[in-house]
Student: 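Here it is, the structure in full.
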Amino acid sequence: IYTLSLHDALPIYQPGDVLTGFIVALLAQGWPAEAALPAAVHLHGAAADRLAANGIGPIGLTAGELIDSARCCLNQWITNQTSHHVPETF
């Protein structure tokens, strides 16, 4: 899986646990694995990009901030399904 988001903060704080949590959360909601994995990777990067756009990070970025940002991103994607690449499981 490749993502266009290459935010500098992601390798700093070991975000693997957060990414794993995103994948598991989507799977738990009934997403098929082939949709959950790329969606979680994209969500992970988009959340970091959103924080960076608001002047947060890369130094001092916390997992909790990434999770809160991801929630905002996912809710925005759900609201704007027609203009974003959201898996058809919605």
Side-chain angles (χ1 to χ4, degrees):
I1 303 265
Y2 295 96
T3 181
L4 296 176
S5 176
L6 299 173
H7 192 273
D8 293 341
L10 292 179
I12 291 172
Y13 72 96
Q14 301 297 328
D17 290 344
V18 174
L19 177 57
T20 300
F22 291 167
I23 295 166
V24 172
L26 294 175
L27 291 171
Q29 292 178 43
W31 286 46
E34 57 275 359
L37 182 57
V41 169
H42 183 70
L43 179 60
H44 191 248
D49 290 344
R50 181 179 180 276
L51 289 169
N54 290 308
I56 300 171
I59 306 268
L61 181 64
T62 67
E65 290 168 326
L66 191 65
I67 292 167
D68 290 342
S69 179
R71 182 179 60 242
C72 291
C73 289
L74 186 57
N75 284 321
Q76 184 178 28
W77 294 348
I78 291 167
T79 302
N80 301 313
Q81 285 182 34
T82 57
S83 63
H84 289 44
H85 298 287
V86 178
E88 295 179 11
T89 56
F90 284 109

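Side-chain atoms are counted along with the backbone in the values below, which use heavy atoms only and exclude waters and symmetry mates. Quantities reported herein were computed from a predicted structural model and do not represent experimental measurements.
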Student: Does Ile78 belong to the same Ile/Leu/Val/Met/Phe/Trp/Tyr cluster as Leu43, with side-chain heavy atoms less than 4.5 Å apart forming each link?
Tutor: yes
Student: State plainly whether one hydrophobic cluster holds both Leu37 and Val24, where clusters connect Ile, Leu, Val, Met, Phe, Trp and Tyr through side-chain heavy atoms under 4.5 angstrom apart.
Tutor: no
Student: Kindly give the heavy-atom pair with the smallest separation between Ala39 and Trp31, and that separation in Å.
Tutor: CB-CZ3, 3.3 Å
Student: How would you list, by chain and number, every residue that makes a side chain to side chain contact (heavy atoms under 4.5 Å, CB included) with Ala40, sequence neighbours excluded?
Tutor: Leu19, Phe22, Ile23, Leu26
Student: Enumerate the residue pairs fulfilling salt bridge (charged side-chain N to carboxylate O under 4.0 Å, His left out) with a member in residues 69-79, sequence neighbours excluded, ordered by first and then second residue.
Tutor: Asp68-Arg71
Student: Measure the shortest side-chain to side-chain distance between Ile56 and Arg50 over non-hydrogen atoms and say whether it is less than 4.5 angstrom.
Tutor: no
Student: Could you measure the distance from the SG atom of Cys72 to the CG atom of Leu51? Nearest 0.5 Å is fine.
Tutor: 9.0 Å
Student: So, Thr79 side chain and Asn75 main chain: donor-acceptor pair closer than 3.5 Å or not?
Tutor: yes
Student: Going by salt bridge (charged side-chain N to carboxylate O under 4.0 Å, His left out), name the pairs with one or both residues in residues 21-44, residues two or more places apart or in two chains.
Tutor: none
Student: Where is the tightest heavy-atom contact between Ala47 and Ser69, given as atom of each residue plus distance?
Tutor: O-OG, 2.8 Å
Student: How long is the gap from CD1 on Ile67 to NE2 on His44, to the nearest 0.5 Å?
Tutor: 9.0 Å
